[in-house]
Amino acid sequence: MERLILDCDTGQDDAVAILMANGAKNLKIEGIVAVAGNATLENTLENNLKLTEEINLDVPVYKGCSSPLIRKQIIAEGIHGKTGYDGPVFQKKRNKQCMGDGIDFIINTIMENPGEINLVATGPLTDIAMVIKKEPKIIDNVKRIVLMGGALMQGNITPSAEFNIYADPEAAKIVFNSGAEIYMMGLDVTHQVLLNKENFNRFEREQEENPTRVREIFIEGMRAYTKTCVAEIHEYPAMHDPCCIAYLIDPSLFTFQSRDIDVETKGELTYGKTVGLWPNINSKTHVGIGIDADRFFDILSDTLS
Ligand code: BDR
Ligand code: CA
């Protein structure tokens, strides 16, 4: 059993990560922390509360940072919509309440369970950097950090930078230089898992044959996500954030290259770029470079059933 805390900026694909973790038999979610990113903190928190309540996922939801460490805040309304999670029609009125400060929750949970907890980050790394600054001992006590962010190759928000890192490069620099065991799911790997027409039709077919509320929410969200991705970036949506969950469900899906990563925080054209230093088998940072996409979609399908 893998225990995890999910720190996310829900967000269409963050929501899929939650749905996937919810349906995975070998995962236990200890709590979900909202961070600002795809939308404001107010919206990402609301999305986490609404979604977990709607699918009866009984885990506590906390709130993290509302703005990046230093840079001016950016959000991704063009891709994820005004609320950050446009698309699904929630049937329940939201009663669930936020359980308080996410930074202290992460620190306490990791320190009370040394070597047990995976910290999964699918938004800007602001909360994770704050945790490291407040309690540096978490580096020796966290099992591993699995994060979606960065790219060895081209970015998506600028030619150099991926959105989560660009949204808080100074925080990302702290995380990548912390000495923690890190699994990085960057665009190099997440762009290999696209929800193209064929993959999407499969989920619609499965929904007709065996309807589930979880799959219905997935389909409603992915319709909206596909529309904006095709309109804005002329591509089918990538299953970025769910790659982190897929890794915990079955690490054998992925291939990695071990190399230290640093983050550019000064360059005019390269601000937020994750720079891969020389490959080094002793590095504690493992960069995802390959994935078995067919098996990924099989696992996603299982977890939505
Ligand atoms: C990342 O940016 C966000 O918009 C997505 O949720 C994902 O975490 C992809 O660059
Ligand atoms: Ca995200």
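Starting from 1, each residue takes its place in the sequence as its number. Model, not experiment: these values are computed from the prediction.
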R213/E216 under side-chain contact (heavy atoms from CB on, under 4.5 Å): CA gap, chis, key distance, verdict = CA-CA 5 Å; R213 178 70 186 125; E216 184 177 49; 2.6 Å; yes
query = E170 and R71: salt bridge (Lys or Arg N to Asp or Glu O under 4.0 Å), yes or no, with the steps?
reply = CA-CA 8 Å; E170 287 76 16; R71 68 154 299 155; over 6 Å; no
inquiry  = Is there a side-chain contact (heavy atoms from CB on, under 4.5 Å) between E2 and K143? Walk through the geometry before answering.
reply    = CA-CA 10 Å; E2 294 283 357; K143 185 166 185 183; 3.1 Å; yes
task = Decide yes or no on salt bridge (Lys or Arg N to Asp or Glu O under 4.0 Å) for E209 and R215, but give the supporting numbers first.
result = CA-CA 12 Å; E209 287 159 11; R215 200 190 295 99; over 6 Å; no
L152 vs T274, side-chain contact (heavy atoms from CB on, under 4.5 Å): CA-CA, chis, key distance, verdict = CA-CA 7 Å; L152 290 176; T274 43; 5.8 Å; no
request  = Go through the steps to decide whether T285 and R259 satisfy the test side-chain contact (heavy atoms from CB on, under 4.5 Å), and finish with yes or no.
outcome  = CA-CA 6 Å; T285 302; R259 62 197 295 179; over 6 Å; no
query = Taking it one step at a time, do K82 and E77 satisfy salt bridge (Lys or Arg N to Asp or Glu O under 4.0 Å)?
reply = CA-CA 5 Å; K82 270 217 158 6; E77 189 181 308; 3.2 Å; yes
key: Residue pair E208, R205: steps toward the salt bridge (Lys or Arg N to Asp or Glu O under 4.0 Å) verdict   = CA-CA 5 Å; E208 266 176 43; R205 235 181 9 255; over 6 Å; no
inquiry  = Between D86 and T83, does the side chain to side chain donor-acceptor pair (under 3.5 Å) criterion hold? Intermediate values first, please.
reply    = CA-CA 6 Å; D86 283 5; T83 62; 2.5 Å; yes
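Taking A36 as the reference, L41, Q73 meet the side chain to side chain contact (heavy atoms under 4.5 Å, CB included) condition, with sequence neighbours excluded.
Listed here is the closest heavy atom pair of I245 and V120: CD1-CG1, 4.4 Å. Between D250 and F254, the closest heavy-atom pair is O-CD1, 4.3 Å. When all heavy atoms are compared, the tightest approach of I139 to G179 is CG2-C, 3.8 Å. For L19 against L51, the heavy-atom pair with the smallest separation is CD2-CD1, 4.0 Å. Here the shortest heavy-atom pairing between T270 and G267 reads OG1-CA, 3.4 Å. Scanning all heavy atoms of the two residues, the minimum distance from K92 to E54 falls at N-OE1, 3.1 Å.
Within the 4.5 Å cutoff, side-chain heavy atoms of D262 are placed close to those of N177. For the pair E46 and Y85, the minimum side-chain heavy-atom distance is 4.5 Å or more. Here the side chains of N199 and F296 are not in contact, with every heavy-atom distance at 4.5 Å or above. Inter-residue side-chain proximity for M148 and E162 is flagged as met; some heavy-atom pair is nearer than 4.5 Å. Counting heavy atoms from C-beta on, the side chains of T158 and Y271 never come closer than 4.5 Å. Proximity of F256 to M184: side-chain heavy atoms (C-beta onward) are nowhere separated by under 4.5 Å. A heavy-atom distance below 4.5 Å is not found between the side chains of Y62 and I106. Counting heavy atoms from C-beta outward, C8 and I18 have side chains that approach closer than 4.5 Å.
Under a hydrophobic clustering in which Ile, Leu, Val, Met, Phe, Trp and Tyr are joined whenever their side-chain heavy atoms come within less than 4.5 Å, directly or via other members, I249 and I32 fall into the same cluster. Under the 4.5 Å side-chain contact rule for hydrophobic residues, F203 and M20 share a cluster. Two different hydrophobic clusters hold F163 and I261 under the rule that ILVMFWY side chains link at heavy-atom gaps under 4.5 Å. When hydrophobic clusters are built by joining Ile, Leu, Val, Met, Phe, Trp and Tyr residues whose side-chain heavy atoms come closer than 4.5 Å, directly or via intermediates, L45 is not grouped with I103. By the rule that hydrophobic residues join a cluster once side-chain heavy atoms approach within less than 4.5 Å of another member, V16 and I217 end up as members of one cluster.
Side-chain atoms of R3 never come within 3.5 Å of backbone atoms of K28 as a donor-acceptor pair (strictly under, hydrogens ignored). Under a 3.5 Å cut-off, the side chain of T190 and the backbone N or O of A238 do not form any donor-acceptor pair. With H80 contributing its side chain and G11 its backbone, the two residues share no donor-acceptor pair below 3.5 Å. Not one N or O on the side chain of N118 forms a donor-acceptor pair closer than 3.5 Å with the backbone of L4. Between the side chain of S258 and the backbone N or O of I281, no donor-acceptor pair lies under 3.5 Å. Counting only distance, with no hydrogens or angles, the side chain of Q192 and the backbone of I289 share a donor-acceptor pair below 3.5 Å. The backbone N or O of V230 sits nowhere less than 3.5 Å from a side-chain atom of E232 that would complete a donor-acceptor pair.
Rounding to the nearest 0.5 angstrom, the gap separating the CZ atom in F218 from the OG1 atom in T212 is 10.5 Å. Expressed to the nearest 0.5 Å, how far NZ of K173 lies from OG of S178 amounts to 13.0 Å. Remark: D168 CG to L125 CG distance equals 7.5 Å, nearest 0.5 Å. With rounding to the nearest 0.5 angstrom, the CD1 atom of I145 is 13.0 Å from the CD1 atom of I117. Here D7 contributes atom CG and I128 contributes atom CD1; the two are 4.0 Å apart, rounded to the nearest 0.5 Å. In this structure, the separation between NZ on K25 and OG1 on T303 is 9.5 Å, given to the nearest 0.5 Å.
Other residues, nucleotides and ligands contribute at most 12 non-hydrogen atoms within 6.0 Å of the CD atom of Q154. Annotation: D58, atom CG; neighbour count of heavy atoms from other residues, nucleotides and ligands within 6.0 Å does not exceed 12. Atom NZ of K63 is surrounded by 12 or fewer heavy atoms from other residues, nucleotides or ligands within 6.0 Å. Remark: M153 CE is loosely packed, at most 12 non-hydrogen atoms of other residues, nucleotides or ligands lying under 6.0 Å away. The neighbour count for E42 CD, taken as heavy atoms of other residues, nucleotides or ligands under 6.0 Å away, does not exceed 12. At most 12 heavy atoms of other shown residues, nucleotides or ligands fall within 6.0 angstrom of atom NZ in K137.
Using modelled atom types, one finds a donor on one side chain and an acceptor on the other under 3.5 Å when comparing S283 with D260. Using modelled atom types and a 3.5 Å distance limit, the side chains of E206 and S301 yield a donor-acceptor pair.
For the pairing with T10, the side-chain hydrogen bond (donor to acceptor under 3.5 Å, both in side chains) check across N47, N48, T44 returns one residue only, N48.
In summary, R94 and E53 do not engage in a salt bridge, as defined by a charged side-chain N under 4.0 Å from a carboxylate O. The pair D298-R202 meets the salt-bridge criterion, with a side-chain N (NZ, NE, NH1 or NH2) lying under 4.0 Å from an Asp/Glu carboxylate O. Salt-bridge formation is detected for the pair K134/D104: a Lys NZ or Arg NE/NH1/NH2 atom is positioned less than 4.0 Å from an Asp or Glu carboxylate oxygen. Ion pairing between a basic and an acidic side chain is recognised when a charged N comes within 4.0 Å of a carboxylate O; R223 and E220 show no such pairing.
The aromatic rings of Y183 and Y247 sit parallel, their planes meeting at an angle under 30°, below the 60° perpendicular limit.
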